[in-house]
Amino acid sequence: MRRLITLSLATLLLAGPFATGPAGAAPQHGLAMHGEPALPPGFQHFPYVNPDVKKGGSIAYGVVGTFDSLNPFNLKSIRTTARGIWDNIFGNLIYETLMVRSSDEPFTLYGLLAESVETDEARSFIQFNLNPKAKWSDGEPVTPEDVMFSLEVLRDKGRTPFSARMVPIEKMEKVGEHGVRFTFNGKADREFPLILATGTPILPKHAVDVASFDQSTLKTPVASGPYRIASVQPGQKIVYERRPDYWGKDIPSKVGFDNYDQISVEYFLQENSLFEAFKKGAINVYLEGNPTHWARAYDFPAVSSGDVVKDVFSPKLPTGMLGFVFNLRRPMFYNPDVRAALTLAFDFEWANRNLFDGAYTRTQSYWQNSELSSLGHAADDKELALLGQAKDRIPADILAGTSMLPQTDGSGGDRKVLRQVVERLKKAGYAIDKGRMVDGSGRPLAFEIMTQSADQEKVAIAFQRTLKMIGVEASIRTVDDSQYQARSGSFDYDVIMKSYPSSLSPGIEQVGRWASDSKDRQGSFNFAGLADPVVDRVIQAMLNARSKEDFTTAVRAYDRLLLAGFYMVPLYHIPEQWVARWRTIAHPDTVPLYGYQLPTWWDVRAQ
């Protein structure tokens, strides 16, 4: 499983006089979800960049996927590249947002197109004061009208989530020459102003054809970012070149970024083809996520000679959750005892030893390895009050923060664990009859696991093998990318293997994953089909928490609810990030909270 790190970053100084908002709302250089920004006004650069790097040279990236448009924001564009790779590599190369996240803080924004920001304690509004220096690639200034236009055209012709940005906005208006203010309605939570600031690409009103915006296009866009498109081979390759006239090249938030004169991105149909291109030096960086591949595939001459370097990074991030997701829209998974029993049945120790050379760690929590996890933390009075009567349905060990999935003998058929599984299924009304696990009416417990790749399939086979020992019939269907996307988007599966990345600032994305209103929304990430008013309430408490203490309380309660519901079989994680690179590419020594940051790397040949 490829571990993908998202997000590119930037930050900006507070400078100059600005129109102010309501009383008490003064211009600020940054905005944190909880507390205050770590970097003060006047900071010179991010702590994880090399401020002295000399720009120049080039880098060649490779990704698996294809594209048919240079407009990634509309519904008709095809871009099958993994989104996390796209964000990490490209970030703000072409299009920019009003503010950007720091990779060294849980959720703090600093300015990019906006030089400063104003809001009140309730976050009932937010005002962005644009940098007067900000210009489009054709020399025109970036204006408040561009910001408002962007929201409107994305609402009318953009894809999700851009199309929903205006739902929580009651009013938007120009303030002075450079300010644009958004006033929110009752649908906005405390996170939404930050999502608006970092999740909305700003487009040039004077250069966008509204009539054709929803169509695929290979026309070179007018944008505000540090790069422009030099050449395109449709579906195969894009070459970017650094703009010498980029408006923001000297601002502190851009020090140490945008270091190459040229960036090429080649698209491959298969992962094997991409890796072969990397071995030959046609691709400079390879993001690795397969432990067996990491351990065994790097035996080619360039590694032996030192021309290829294998880097290991240690971010300070929660593990996230990868696992087999039960589709609760299927009657066989209505009963939580069935889900709990099947969760116990997966033999992690066998799979880790036989499939992954022992490289993985078992995942026990959605926010494992962070203070947001419920593991190691008993529910206190505040958390119990937030859970309310729902605490009675949470097992005692999960409330105590001591719950752990069983450790097997690694045989793939640990009798002691399988006995627990059978007993739990008996509680749900099942019994073994003539070698099959059946309910009281004689219906067998049978389901299909849909997989997308050979890596997923081999894990599913290991699970299937163990389940067969107790009469549970699990079939496996591996489908191609297009069928996988169609079936997962319409929830046409029994069990599916999915990854839920976690951050130190979980927020609105949790609504799309687990909230009731996403259960029946085609294309949502609510793969389990969960609709639970208690989960909805705790998500809202998390979104509206004003203090770090209240936020931590809400996330831990949320973690306990998800663990107690047994909505997926937790699998495993790697606590490290692996990247292989040709030694012509270098990176800063300092690793931020979120791990390696490709936009801060550089070509040593230019130094």
Side-chain angles (χ1 to χ4, degrees), residues 1-4 84 289-291 317-330 332-333 336-352 355-356 359-370 373-375 398 403-408 417 421 424 447-453 455-467 472 474 476-478 484 487-488 491 493-503 506 509-510 512-514 524-530 535 558-575:
M1 311 301 165
R2 294 184 65 78
R3 177 174 286 271
L4 306 176
N290 184 318
L317 290 173
T319 58
M321 180 65 77
L322 168 71
F324 294 108
V325 183
F326 301 115
N327 188 350
L328 273 62
R329 304 170 185 87
R330 302 289 201 256
M332 80 227 12
F333 298 129
D337 286 314
V338 171
R339 304 194 301 269
L342 296 176
T343 297
L344 295 175
F346 181 74
D347 194 331
F348 164 75
E349 282 70 28
W350 184 93
N352 194 36
L355 302 180
F356 306 116
Y360 281 119
T361 299
R362 188 74 191 267
T363 305
Q364 308 279 354
S365 160
Y366 288 77
W367 283 273
Q368 194 166 331
N369 294 351
S370 80
S373 174
S374 61
L375 288 182
I398 294 180
S403 66
M404 299 291 286
L405 293 166
Q407 184 172 349
T408 72
V417 173
V421 175
R424 196 69 181 255
F447 54 87
E448 178 185 274
I449 303 173
M450 186 174 74
T451 58
Q452 187 181 16
S453 66
D455 284 342
Q456 289 188 2
E457 184 178 335
K458 69 181 182 181
V459 180
I461 290 172
F463 194 24
Q464 177 192 52
R465 174 179 173 274
T466 303
L467 292 173
V472 176
I476 300 169
R477 183 183 296 272
T478 300
Y484 185 87
R487 288 186 60 181
S488 61
F491 313 121
Y493 50 82
D494 298 333
V495 175
I496 193 171
M497 196 169 178
K498 283 292 180 181
S499 174
Y500 295 92
S502 293
S503 74
E509 78 283 352
Q510 301 300 319
R513 295 178 183 180
W514 300 104
S524 82
F525 297 136
N526 193 339
F527 298 110
L530 182 62
V535 170
Y558 183 42
D559 190 31
R560 293 185 215 275
L561 286 170
L562 295 180
L563 292 172
F566 298 100
Y567 304 118
M568 60 191 298
V569 179
L571 293 181
Y572 39 71
H573 66 272
I574 298 172

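Nothing fancy with the numbering, it's 1 onward along the sequence.
- No donor-acceptor pair closer than 3.5 Å links the side chain of E448 to the backbone N or O of D494.
- Closest approach of T343 to M568, counting heavy atoms only: OG1-O, 3.8 Å.
- The closest donor-acceptor contact from the side chain of W367 to the backbone of S503 lies under 3.5 Å.
- The side chain to side chain contact (heavy atoms under 4.5 Å, CB included) with I449 is formed by just one residue from the set V459, V495, I496; it is V495.
- In this structure, L375 and Q368 have side chains that are in contact, with non-hydrogen atoms separated by less than 4.5 Å.
- Annotation: the span from S373 atom OG to Q364 atom CD amounts to 9.5 Å, rounded to 0.5 Å.
- Under a cutoff of 6.0 Å and an axis angle of 45°, R339 and F326 do not form a cation-pi pair.
- Residue Y366 holds its OH atom at 8.5 Å from OH of Y567, rounded to the nearest 0.5 Å.
- Looking at Q456 and T478, their side chains never come closer than 4.5 Å, going by heavy atoms from C-beta outward.
- Of all heavy-atom pairs between L328 and F333, the closest is CG-O, 4.0 Å.
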Report task. Under the side chain to side chain contact (heavy atoms under 4.5 Å, CB included) rule, what do Y484 and R477 come out as? Steps first, then yes or no, please. Result -> CA-CA 10 Å; Y484 185 87; R477 183 183 296 272; over 6 Å; no

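- Residue M321 holds its CE atom at 9.0 Å from CG of L571, rounded to the nearest 0.5 Å.
- For the residue pair T408/D347, the side-chain donor-acceptor check at 3.5 Å is satisfied.
- Annotation: side chain of E349 is in contact with side chain of Q407 (closest heavy-atom distance under 4.5 Å).
- Applying the 6.0 Å contact sphere to CZ of R487 captures more than 12 heavy atoms from other residues, nucleotides or ligands.
- With hydrogens and angles left out, the side-chain atoms of D559 and S365 include a donor and acceptor closer than 3.5 Å.
- By the 4.5 Å heavy-atom criterion applied to side chains, Y558 and V535 are counted as neighbours.
- Rounding to the nearest 0.5 angstrom, the gap separating the CG atom in L530 from the CG atom in N327 is 11.5 Å.
- Residue S524 comes nearest to F491 through the heavy atom pair OG-CZ, 3.5 Å, listed as atom of the first residue, atom of the second, then distance.
- You'll find the side chain of L467 reaches within 4.5 Å of the side chain of F447, heavy atoms only.
- Atom CD1 of I476 and atom CD1 of I461 lie 5.0 Å apart (nearest 0.5 Å).
- Here the side chains of K498 and R513 are not in contact, with every heavy-atom distance at 4.5 Å or above.
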Report task. Begin from the C-alpha positions of V569 and F463 and carry the test side chain to side chain contact (heavy atoms under 4.5 Å, CB included) through to its verdict. Result -> CA-CA 10 Å; V569 179; F463 194 24; 4.2 Å; yes

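- With rounding to the nearest 0.5 Å, the separation of CZ in F566 from CG in L344 is 6.5 Å.
- For R362 (side chain) and P570 (main-chain N/O), a donor-acceptor pair under 3.5 Å exists by modelled atom type.
- Scanning both residues, I574 and G289, for their nearest heavy atoms gives CD1-O, 4.1 Å.
- A heavy-atom distance below 4.5 Å is not found between the side chains of W350 and T466.
- Closest approach of Y500 and A528 over heavy atoms only: OH-N, 4.5 Å.
- Using a 30° and 60° split on the angle between ring planes, F348 and Y572 fall in the tilted class, from 30° to 60°.
- Between G320 and T363, the shortest heavy-atom distance links the atoms O-CG2, 3.5 Å.
- Ring pair F525/F527 is tilted by interplanar angle, where 30° to 60° counts as tilted.
- In this structure, N369 and H573 have side chains that are in contact, with non-hydrogen atoms separated by less than 4.5 Å.
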